[in-house]
Amino acid sequence: MVTLKQLRYLAALARHGHFGRAADACAVTQPALSMQIRELEQFLGVTLVERRPGDVMLTEIGREISRRAEDVLASARDLVDFARHRAKPLTGRLTLGIIPSLAPYLLPRMLPALQSRFPDLQLELRETQTRLLIEEIKGGALDAAMLALPLGEPDIDTMELFDDLFLLAVPASDPRSVKRRVAARDIDQSRLILLEDGHCLRDQALAFCATIPRGPAPGATGMTFGASSLATVMQMVAGGYGVTLIPQIAAAVEARDSRVKFLRLQDPQPGRSIGLAFRRTSPRKVDFAALGDVVKGCVAANGS
């Protein structure tokens, strides 16, 4: 019989592309992992892996079986979750992903509330970009993730949590008053500092910029700067190197730096919708609803 262990080892090998790293991820020795893969190949009667010195590559059928193995493993985890979490919500282990432009601003509010209301919850957090979070939800490595909506993924359900408006962060020396709203056309796109490729906040900022009528610098799309965190971008703004769009949820933290200030944009104000994403087949929807209630309460209590 094909075992879940064999499927887990094959899925790990597909993700890591290396026997040693896959074995480390599964907390087994490399020979043990390799032996299980060979036994799986013998049982199925197909070659799953091309073995080359210092390298490994899945065959075409190996890639397809690995994809199906991820589905089986996710279903197996859902079965266990269904049995373990029927009694009361948010007990036991929950793996939660979160995007970098949200984690440092929401987690300090959310975690104490979760710990207080659900002391039996064992929360494991993973902060990374949206694309990886979606992959890990599909593969079962994550139970859910907080990120910007919409996703457009047929195998993933979402739950809206709150709207997060964008503010324009500028150096404190900027002559514009914080009491007046800024028109989108008044944003100098040549001075707009953005996160590096792969961050959804960058994509959202660029989508907003696409709606702004071009000024005297046609084709300007913002300063080239490979920042991987919003905090780094804010330091660039504080240093007078440009401006940026910042989510309102981050403003209270970043406003502690007296070298920056925040301007509201004229209606319709740009923003993003933050939600919770999870596998459509997950049996833990009661848990996700309870988690969503905590997040909504924390955001409402802080006015953002």
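- For the pair S273 (side chain) and L149 (backbone), a donor-acceptor distance under 3.5 Å is absent.
- Here the shortest heavy-atom pairing between L167 and A251 reads CD1-CB, 3.8 Å.
- Between the side chains of S101 and R272, at least one donor-acceptor pair of N or O atoms lies under 3.5 Å.
- In this structure, P171 and V237 have side chains that are in contact, with non-hydrogen atoms separated by less than 4.5 Å.
- Between I249 and R109, the closest heavy-atom pair is O-NH2, 3.4 Å.
- Without hydrogens or angle criteria, K261 side chain to D174 main chain gives a donor-acceptor distance under 3.5 Å.
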For side-chain contact (heavy atoms from CB on, under 4.5 Å), just list the numbers for L44 and I61, CA-CA rounded to whole Å, side-chain angles, deciding distance to a tenth of an Å, and then say yes or no. CA-CA 11 Å; L44 296 176; I61 193 169; over 6 Å; no
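- Side-chain contact between V28 and Q36 is absent, with no heavy-atom pair separated by less than 4.5 Å.
- Side-chain atoms of F262 and Q248, non-hydrogen and from C-beta on, never get closer than 4.5 Å to each other.
- Side chains of M234 and V260 form a contact here, defined as non-hydrogen atoms less than 4.5 Å apart.
- If you chain together hydrophobic residues whose side chains sit under 4.5 Å apart, L4 and I65 fall into the same group.
- In this structure, S177 and L263 have side chains that are not in contact, with every pair of non-hydrogen atoms separated by 4.5 Å or more.
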Could you walk me through whether K138 and E70 pass the salt bridge (charged side-chain N to carboxylate O under 4.0 Å, His left out) test, one step at a time? CA-CA 8 Å; K138 289 180 176 179; E70 293 278 15; over 6 Å; no
I would like to know whether L125 and L111 meet side-chain contact (heavy atoms from CB on, under 4.5 Å); could you show each step before the answer? CA-CA 11 Å; L125 294 168; L111 295 181; 4.2 Å; yes
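- Between atom CG of residue D186 and atom CZ of residue R181 there is a gap of 14.5 Å, rounded to the nearest 0.5 Å.
- Side-chain N or O atoms of T95 include none that pairs as donor or acceptor with a backbone N or O of E124 at under 3.5 Å.
- No continuous path of hydrophobic side-chain contacts links M57 to L40 [ILVMFWY only; heavy atoms under 4.5 Å].
- A distance of 8.0 Å separates CG in L133 from CD1 in I99, rounded to the nearest 0.5 Å.
- When all heavy atoms of L58 and S66 are compared, the pair lying nearest together is CD2-CB, 3.8 Å.
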Applying salt bridge (charged side-chain N to carboxylate O under 4.0 Å, His left out) to D157 and R280, what does each step give before you reach the verdict? CA-CA 5 Å; D157 276 345; R280 188 176 295 275; 2.9 Å; yes
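- In this structure, M159 is a member of the same hydrophobic cluster as L123, with clusters built from ILVMFWY side-chain heavy atoms closer than 4.5 Å.
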side-chain contact (heavy atoms from CB on, under 4.5 Å) evaluation trace for L96 with L142: CA-CA 6 Å; L96 179 68; L142 289 175; over 6 Å; no
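- Looking at Q204 and F166, their side chains come closer than 4.5 Å, going by heavy atoms from C-beta outward.
- Residues V253 and R256 have side chains in contact (heavy-atom distance under 4.5 Å, counting atoms from C-beta outward).
- In this structure, the side chains of M236 and T244 stay at 4.5 Å or more apart for every pair of heavy atoms.
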Passes side-chain contact (heavy atoms from CB on, under 4.5 Å), L291 versus L114? Steps please. CA-CA 8 Å; L291 176 62; L114 275 176; 3.8 Å; yes
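- The two atoms that bring R202 and L195 nearest to each other are NH1-O, 2.7 Å, heavy atoms only.
- Annotation for F118 and A290: closest pair CZ-CB, 4.1 Å, computed over non-hydrogen atoms.
- Grouping the Ile, Leu, Val, Met, Phe, Trp and Tyr side chains by contacts below 4.5 angstrom, directly or via other members, places F162 apart from L165.
- Crowding of Q115 atom CD: a count of heavy atoms from other residues, nucleotides or ligands under 6.0 Å not exceeding 12.
- V286 and M146 fall into different hydrophobic clusters, where Ile, Leu, Val, Met, Phe, Trp and Tyr residues are linked whenever their side-chain heavy atoms come under 4.5 Å apart, directly or through other members.
- Atom CG of L33 sits about 10.0 Å away from atom NE2 of H16, to the nearest 0.5 Å.
- Counting only distance, with no hydrogens or angles, the side chain of E127 and the backbone of P104 share no donor-acceptor pair below 3.5 Å.
- Here L201 contributes atom CG and L194 contributes atom CG; the two are 8.5 Å apart, rounded to the nearest 0.5 Å.
- Counting all heavy atoms, side chain and backbone alike, S282 lies closest to F288 at OG-CE1, 3.5 Å.
- In this structure, D143 CG and R279 CZ are separated by 6.5 Å, a value rounded to the nearest 0.5 Å.
- Once rounded to the nearest 0.5 Å, the distance linking CD1 of I187 with CG of L245 reads 5.5 Å.
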